[in-house]
Protein chains: 2
Amino acid sequence: MATGRTHRPATRSRGIPEATVARLPLYLRALTALSERSVPTVSSEELAAAAGVNSAKLRKDFSYLGSYGTRGVGYDVEYLVYQISRELGLTQDWPVVIVGIGNLGAALANYGGFASRGFRVAALIDADPAMAGKPVAGIAVQHTDELESIITGNGVSIGVIATPAGAAQQVCDRLVAAGVTSILNFAPTVLSVPEGVDVRKVDLSIELQILAFHEQRKAGEGERVALPIEGGDLEPSPGGSRGTEGERVALPIEGGAQAGPMARAGQDTGAAAGGRQQGPDGDVPAVMPA
Amino acid sequence: MATGRTHRPATRSRGIPEATVARLPLYLRALTALSERSVPTVSSEELAAAAGVNSAKLRKDFSYLGSYGTRGVGYDVEYLVYQISRELGLTQDWPVVIVGIGNLGAALANYGGFASRGFRVAALIDADPAMAGKPVAGIAVQHTDELESIITGNGVSIGVIATPAGAAQQVCDRLVAAGVTSILNFAPTVLSVPEGVDVRKVDLSIELQILAFHEQRKAGEGERVALPIEGGDLEPSPGGSRGTEGERVALPIEGGAQAGPMARAGQDTGAAAGGRQQGPDGDVPAVMPA
DNA sequence: GTCTGTGAAAGGATTCACAGCT
DNA sequence: AGCTGTGAATCCTTTCACAGAC
């Protein structure tokens, strides 16, 4: 990239690679855990192990943020926590609305993760009139009719969609029209949004299917067992489609493609195996500032 | 790759790229929807739009599976549904256990996605004795003590961890010891597993943080507003770490990295093909690859 | 003419390996 | 001596663009 002449590039180069951005939260979590244990500094090797990546990748990632480490020593934990938080935009408060308070929506609302680290549940919205007024996670559910006023009134720019697939696009359109520019979609649907709007998708069924793919490969080590499927024909059935298919579906939950912290690549072991980074009782969830 | 001499390579080349595997579930979902509407054939352009990717990518992906299309016509929907299902290992039944029946675990158990398409919830497990015997989603919750016998008794190879972060590694170790080789982790922790075990992670707080990053960029268009953070120092505070830190977070839910299907499904082609898919207004997030 | 399948080019991301600071 | 920061090499993914099948 840059000539690399100055040993302090520019604090923040213009573009941080997406892959790096996706890992910053992992580093932040590991760092916060260290911070809680009052660990003052950490080496790239140690931090990488705690985050489940290898040290070369971590150093490269940090190099995009600037030179925050000290050669021969490592990184100052507190300082890095601040820098990464700032880079991720977590030093400010982000009001979030959750639309669709079913099982999943309620679980999300109850999840502590929202309350901490810059995210605040500004409102819970559901289309069922019977839900209106009911408290979930200490917050009264509001009816969909109020969606627009809630968004504009609270300056919400991030929305979470946890509705059934059939309602997702409609909800999405309304959120966007009201001013939301980032959406976390749990519904198993591809959402269409105008340019400038960010959508991330979380799809459980997709994750399970990816696991099934690898699981199958393990099982059929060297041999491929093809068991008969109920109703499955090798050739396309000319008849109707319905029948066996039933409803497709799925709870959403997915992201992209990374194949997990470890696993298949035998060598990745180095990073993970290298250390039992987690403490016996879990690695500490984390910590972060309110 | 192969010389491409034979127009029917080998039905299944040895290795399908991870990025492709991660997209197969998307194609499958779109195809199933078409199948339900009794659509007989579909072009790469149409299917790509429905799945939220561009057609070149889709064709390349399918080329790894074999030549299942017909030039000048498109793909036979039913046939492709079968081929992809088979490739993903969904033509067989996968018993799954969910450990940790809190809000999230219950939401997952209730989610229809499990019941369909090859996955079956074989058991719900929780450490709270008070939960034992209680029915959730029609299945009686069992105590953690029975974890090993449940796994071996049902031949479970896929486990879902929805416990608090502190219990995740321990649960993971027990699942693996009992024979589970694929894990879907919802706890905000990096899990250590032996080689051969696949772990996929889903982390909500990470997804939100990634959205916040892009959201911040949009806000500071051309100008970077640095609002003062409460308690945030530029220099590392030498003092203790606690104080402001509070609790970190995170409901999990993440995967990899894909940033969303992006804009319109309709003209995805144009957008992508044209060139910079991102909009003119800046860098816009964008789409991430795996 | 239409639309798939795929080499080849382009673009990213990861890993290597070592120069250079402490 | 120890550890970061980073060019260079490698590997993976996406996009282009067109030959070839229908």
Side-chain angles (χ1 to χ4, degrees), chain A residues 1-10 13 15-23 41-48 53-76 79-80 256-259 264-265 267-268 270-271, chain B residues 1-11 13 15-23 41-48 53-76 79-80 256-259 262 268-278 286-290:
Chain A
M1 291 109 230
T3 355
R5 264 281 285 84
T6 60
H7 61 1
R8 229 301 201 106
S13 33
I16 296 177
E18 266 297 315
T20 294
V21 171
R23 280 187 295 268
T41 61
V42 65
S43 69
S44 62
E45 203 70 53
E46 295 167 326
L47 184 54
V53 302
N54 69 49
S55 63
K57 198 186 292 184
L58 177 144
R59 287 199 303 278
K60 185 60 116 181
D61 283 342
F62 285 179
S63 78
Y64 293 118
L65 307 183
S67 296
Y68 298 144
T70 305
R71 296 174 194 224
V73 179
Y75 301 92
D76 180 285
Y79 188 56
L80 246 194
Q258 159 156 273
R264 6 194 4 39
Q267 49 172 5
D268 172 306
Chain B
M1 298 146 199
T3 355
R5 264 278 284 83
T6 60
H7 61 1
R8 228 303 199 104
T11 295
S13 34
I16 297 177
E18 266 297 316
T20 294
V21 171
R23 281 187 296 266
T41 60
V42 65
S43 69
S44 62
E45 203 71 51
E46 296 167 325
L47 184 54
V53 303
N54 69 49
S55 63
K57 198 185 294 184
L58 178 144
R59 288 199 302 278
K60 183 59 112 183
D61 283 342
F62 285 179
S63 78
Y64 294 117
L65 308 183
S67 296
Y68 297 142
T70 305
R71 295 173 196 228
V73 179
Y75 300 91
D76 181 286
Y79 188 57
L80 245 195
Q258 158 156 275
M262 226 42 317
D268 173 317
T269 321
R276 253 38 279 194
Q277 61 271 60
Q278 351 277 53
V287 194
M288 204 200 175

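A note on names: the letters A, B, ... follow the listed sequences, proteins ahead of strands, and every chain is numbered from 1. Keep in mind the model is a prediction, meaning the values are calculated, not measured. Computation of the quantities below employed the complete heavy-atom set of this structure, encompassing side-chain atoms and omitting hydrogens, waters and symmetry-equivalent molecules.
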Decide side-chain contact (heavy atoms from CB on, under 4.5 Å) for B:Thr70 and B:Asp76; before the verdict, give the C-alpha distance in whole Å, the side-chain angles of both, and the deciding distance to 0.1 Å. CA-CA 8 Å; B:Thr70 305; B:Asp76 181 286; over 6 Å; no
I'd like to check the side-chain hydrogen bond (donor to acceptor under 3.5 Å, both in side chains) partners of B:Thr41; sequence neighbours left out, ordered by chain and number. none
Derivation and outcome, side-chain contact (heavy atoms from CB on, under 4.5 Å), residues B:Leu80 and B:Val42: CA-CA 10 Å; B:Leu80 245 195; B:Val42 65; 5.5 Å; no
Could you please name the option among D:dT4, D:dT13, C:dT14 that lies closest to any side-chain atom of A:Arg23? C:dT14
Round to a whole Å and report the spacing from CG of A:Asp61 to C1' of D:dG5. 13 Å
Applying a 4.0 Å non-hydrogen cut-off, can you work out what A:Phe62 is touching in the nucleic acid: base, sugar-phosphate, or nothing? nothing
Give the nucleotide from the list D:dT4, C:dG5, D:dT14 with an atom nearest to the side chain of A:Ser43. D:dT4
Using whole Å, report how far OH of A:Tyr68 lies from P of D:dT6. 12 Å
Whichever of A:Pro17 and B:Gly74 has the more 5' nearest nucleotide on DNA chain C, that residue is B:Gly74
How close or far is atom C1' of D:dT14 from atom CG of B:Asn54, stated in whole angstroms? 8 Å
Give a yes/no answer on whether the side chain of A:Ser44 brings an N or O atom under 4.0 Å of OP1 or OP2 in D:dT4. yes
Shortest non-hydrogen contact from B:Val53 to B:Leu58? CG2-CB, 4.3 Å
Option among A:Thr20, A:Ile16, A:Val21 that satisfies the side-chain contact (heavy atoms from CB on, under 4.5 Å) test with A:Asp61: A:Thr20
Given atom CG of B:Leu47 and atom P of C:dG5, what is their separation to the nearest angstrom? 12 Å
Whole angstroms only, please: what is the CD-P distance between A:Glu46 and D:dG2? 14 Å
Listed by chain and number, what are the side-chain contact (heavy atoms from CB on, under 4.5 Å) partners of A:Ser43, not counting sequence neighbours? A:Glu45, A:Glu46
Can you tell me the distance, in whole Å, between the OH atom of B:Tyr64 and the P atom of D:dC12? 11 Å
Between atom NZ in B:Lys60 and atom P in D:dC12, what is the gap in whole Å? 15 Å
Find every protein N or O atom lying less than 3.5 Å from an N or O atom of nucleotides 17-20 of chain D, and list the pairs.
residue	atom	partner	partner atom	Å
D:dG20	N3	B:Arg71	NH1	3.3

Over how many whole Å does the gap from A:Glu45 atom CD to C:dC16 atom P extend? 12 Å
Just to verify, what does B:Phe62 make a ring pair (Phe, Tyr, Trp, His ring centres under 6.0 Å) with, not counting sequence neighbours? B:Tyr27, B:Tyr75
